[in-house]
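Quick notes on the structure that follows.
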Protein chains: 2
Amino acid sequence: MPNPLAHKLNCYVGLSEDDRMCLADAMSPSRMVAARTDIIHEGDDPRAINVILEGWACRYRQFANGRRQVVSLLLPGDPCDPHIFLLDEMDHAIGAITPVLLGQITGPAMRDLTARSPQLAMAFHREALATAAIQREWTVSLGSRTGIERLAHLFCELHARLAAIGLTDGNTCAMPMTQNDLGDAMGQTSVHINRTLQELRGMGLITLRSRRLTIHDPAALARLAHFDTAYLHLTEAGHAAAR
Amino acid sequence: MPNPLAHKLNCYVGLSEDDRMCLADAMSPSRMVAARTDIIHEGDDPRAINVILEGWACRYRQFANGRRQVVSLLLPGDPCDPHIFLLDEMDHAIGAITPVLLGQITGPAMRDLTARSPQLAMAFHREALATAAIQREWTVSLGSRTGIERLAHLFCELHARLAAIGLTDGNTCAMPMTQNDLGDAMGQTSVHINRTLQELRGMGLITLRSRRLTIHDPAALARLAHFDTAYLHLTEAGHAAAR
DNA sequence: CGGCATCTTGATCCAGCTCAACCAGCGTGG
DNA sequence: CCACGCTGGTTGAGCTGGATCAAGATGCCG
């Protein structure tokens, strides 16, 4: 598979062949992170931008009482920390859900890229805005959606995001999170996630087995979740990929 | 009061007198919006960046079933929609809580500003990142904090943000939201907000009367809320203002 | 084959919701 | 200047989604 970052950015702004080459050049040698370990710790002050090339990760906050809140999910092509080289220190950690392959773009390389290509600069900017929109939508989910709606919404979102980077197989995609992870993300117990999953299965909407998710009735699932792709801000290219 | 946007940006990056003047110049004539009306509707495609000069506003999503989720609060100095001129259409609305005085910076004026002053460019960038961090913290609140913790956290955050722009009077600050608004923001009923407020009052932590909030014991409130200012990413200037 | 992580299931409990009044302040028009 | 109506705050009673606690069941990996 080619660079998933290029694939993703292309969903926001059409990139030239030249842009893709620059992007590939800017990426320094990648490193591997084992599943269930931290990519970045809270309090770290790193210097380069990490990009997920393969695997899933999550931003999370850990509380003293053991409770963990997953704040967002990072999929292939997602930059982990576009901010980091601007802010003083991390206010959260990033952990690998599966084994993760990371690419890195140094601060200078990044400045060079965006200076050279306005397309790329625009694409990075839109990417950041779309990420913010996704974050807002999570806020909406946690604040206003019921358990089953939340989970349904998450599945809709994940499928759409994976589709945009070409990682779906029809209505099927990867779903490597444990029920515990899902609970941490949805602000619920794994016990309750379990029961909610059974309900979704019982309604014939999804199958989730051996870390693969199949959405049997996308329209019905989206209706249940009050899911509307608009907030993902995918352009034609992104939607075409999703089809 | 001088420009609250300058005040706020100065909390992220020290600005020169020149920077402040440029900023003031870039701001086109301001407009007034009545309380309880929309500043921007969902689906709009506006061209300029709105900045709150006076008053409070909120981003929100309205559901068909009448439920409303407030996704973030906008205080004086906050840009409403740094994104808008990049994305296709609004995925949420922005509504005025109090009467709001808006300034506007056009896209070209913005580009001009950031091209002329690297300090300003940096400040805007950090502002955006701090906003994202606040959004993540809301996700944490809705996902992991109990009712009383959530409300306590909101009060801590608001006081800190207002302090950074010089709008506090010791431990007292404005709090113009109705219990209904608070409910929409915290993903709870106004009835339950009411009872939670009584609990906070009963614990002697706060007074909230005639739209003014006083925090009697900031340390205790922060402890209850698991509040840690780090995520606001205020620099020395911001913290000094907060003191 | 044994050990550990994950998933299931059951029983009980409680934070927060719903529904339904009722009260208080305040702006408006007669 | 008062009566009225409206918005926002308060209170009570009963209900429920999801938490908690506890035990198994399943399945994967060394």
Side-chain angles (χ1 to χ4, degrees), chain A residues 34-37 56 63 65-70 95-99 141-154 174-203 206-213 224, chain B residues 34-37 56 63 65-70 95-99 141-154 174-203 206-213 224:
Chain A
R36 309 276 132 198
T37 55
W56 289 32
F63 285 86
N65 62 12
R67 177 125 208 172
R68 188 175 83 130
Q69 180 66 44
V70 168
I97 291 176
T98 65
S141 262
L142 291 176
S144 305
R145 284 190 250 259
T146 64
I148 197 167
E149 290 167 358
R150 259 182 235 185
L151 210 43
H153 195 275
L154 181 71
M175 229 310 297
M177 300 170 74
T178 66
Q179 293 183 2
N180 235 305
D181 293 333
L182 286 170
D184 289 347
M186 308 316 260
Q188 286 174 321
T189 326
S190 63
V191 173
H192 195 247
I193 293 288
N194 183 293
R195 304 204 225 259
T196 306
L197 278 174
Q198 286 177 50
E199 204 175 338
L200 283 173
R201 288 195 262 246
M203 296 166 81
I206 63 157
T207 297
L208 177 55
R209 204 174 42 233
S210 49
R211 313 275 110 128
R212 302 237 93 212
L213 169 71
L224 169 62
Chain B
R36 309 276 130 200
T37 54
W56 288 32
F63 283 86
N65 62 12
R67 177 124 209 173
R68 187 174 84 129
Q69 179 66 43
V70 168
I97 291 176
T98 66
S141 262
L142 291 176
S144 305
R145 285 191 250 258
T146 65
I148 198 166
E149 291 168 357
R150 259 182 237 186
L151 210 43
H153 195 274
L154 181 72
M175 229 307 298
M177 300 170 74
T178 65
Q179 294 184 1
N180 234 305
D181 293 334
L182 286 170
D184 289 348
M186 309 314 260
Q188 285 173 323
T189 325
S190 63
V191 172
H192 195 247
I193 292 289
N194 183 293
R195 304 204 223 258
T196 306
L197 278 174
Q198 286 177 49
E199 204 174 339
L200 283 173
R201 287 194 264 246
M203 295 166 81
I206 62 157
T207 297
L208 178 55
R209 202 174 44 234
S210 50
R211 312 275 108 129
R212 302 235 93 211
L213 169 72
L224 169 62

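Residue numbering restarts at 1 for every chain, and letters A, B, ... go by the order of the sequence lines.
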For atom [atom1] of [X] and atom [atom2] of [N], their distance in whole Å:
X: A:Arg36; N: C:dT6; atom1: CZ; atom2: P; result: 6 Å
X: B:Glu199; N: D:dT10; atom1: CD; atom2: C1'; result: 16 Å
X: B:Leu142; N: C:dG16; atom1: CG; atom2: P; result: 12 Å
X: A:His192; N: C:dC13; atom1: NE2; atom2: C1'; result: 14 Å
X: B:Leu208; N: D:dG9; atom1: CG; atom2: C1'; result: 11 Å
X: A:Asn65; N: D:dT20; atom1: CG; atom2: C1'; result: 14 Å

Which pair of non-hydrogen atoms, one from [X] and one from [Y], has the smallest distance, and what is that distance?
X: A:Ala34; Y: A:Ala96; value: O-CB, 3.5 Å
X: A:Leu151; Y: A:Thr196; value: CD2-CG2, 3.8 Å
X: A:Glu149; Y: A:Arg145; value: OE1-CA, 3.4 Å
X: B:Ala35; Y: B:Pro99; value: CB-N, 3.6 Å
X: A:Ala174; Y: A:Pro176; value: C-CD, 3.8 Å

At a cut-off of 3.5 Å, list every protein nitrogen or oxygen paired with a nitrogen or oxygen from nucleotides 9-11 of chain C, distance to 0.1 Å.
unit_1 : atom_1 : unit_2   : atom_2 : d
C:dT9  : OP2    : A:Gln198 : OE1    : 2.8
C:dT9  : OP2    : A:Gln198 : NE2    : 2.9
C:dG10 : N7     : A:Arg195 : NH1    : 3.2
C:dG10 : O6     : A:Arg195 : NH2    : 3.3
C:dA11 : N6     : A:Arg195 : NH2    : 3.0

Pair up each side-chain donor or acceptor in residues 179-186 of chain B with any protein partner under 3.5 Å, not counting sequence neighbours, and list the distances.
unit_1   : atom_1 : unit_2   : atom_2 : d
B:Gln179 : OE1    : B:Asn194 : ND2    : 3.0
B:Asp181 : OD1    : B:Arg36  : NH1    : 3.2
B:Asp181 : OD1    : B:Arg68  : NH2    : 3.2
B:Asp181 : OD2    : B:Arg36  : NH2    : 2.6
B:Asp181 : OD2    : B:Thr178 : N      : 3.1
B:Asp181 : OD2    : B:Thr178 : OG1    : 3.3
B:Asp184 : OD2    : B:Arg68  : NE     : 2.9
B:Asp184 : OD2    : B:Arg68  : NH2    : 3.4

Next on the checklist: If you compare every side-chain N and O of B:Arg201 against the phosphate oxygens of D:dT10 (OP1, OP2), does one of them come in below 4.0 Å?
Outcome noted: yes

Next on the checklist: If the cut-off is 4.0 Å, is B:Arg211 near the phosphate of D:dG9, judged by side-chain N/O to OP1 or OP2?
Outcome noted: yes

Is there a side-chain contact between [X] and [Y] in this structure, where contact means two heavy atoms from C-beta onward sitting under 4.5 Å apart?
X: A:Gln69; Y: A:Leu142; result: yes
X: A:Arg201; Y: A:Leu197; result: yes
X: A:Leu200; Y: A:Leu224; result: yes

Item to check | Nucleic acid contacts of residues 175-188 of chain A, taken as heavy-atom distances under 4.0 Å to DNA chain D | outcome: A:Gly187, A:Gln188

Item to check | Criterion side-chain contact (heavy atoms from CB on, under 4.5 Å) on A:Met175 and A:Ile206, from CA distance to verdict | outcome: CA-CA 12 Å; A:Met175 229 310 297; A:Ile206 63 157; over 6 Å; no

Item to check | Those residues of residues 144-151 of chain B lying under 4.0 Å from DNA chain C by at least one heavy atom | outcome: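 DNA chain C contact set from residues 144-151 of chain B: B:Thr146, B:Gly147.
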
Checklist entry - What string of B, S and - do you get for nucleotides 24-30 of chain D, 5' to 3', when a contact is any protein heavy atom under 4.0 Å? => result -------

Checklist entry - Rounded to the nearest 0.5 Å, what separation is found between the OG atom of A:Ser144 and the CD atom of B:Gln188? => result 11.5 Å

Checklist entry - Using Watson-Crick and G-U wobble pairs with both distances under 3.5 Å, what is the 5'-to-3' dot-bracket string of DNA chain D, with [ ] for crossing pairs and | for pairs outside the strand? => result ||||||||||||||||||||||||||||||

Item to check | Under 3.5 Å: donor-acceptor pair, side chain of A:Thr98, backbone of A:Trp56 | outcome: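 Yes; judged by distance alone, with no hydrogens or angles, the pair exists.
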
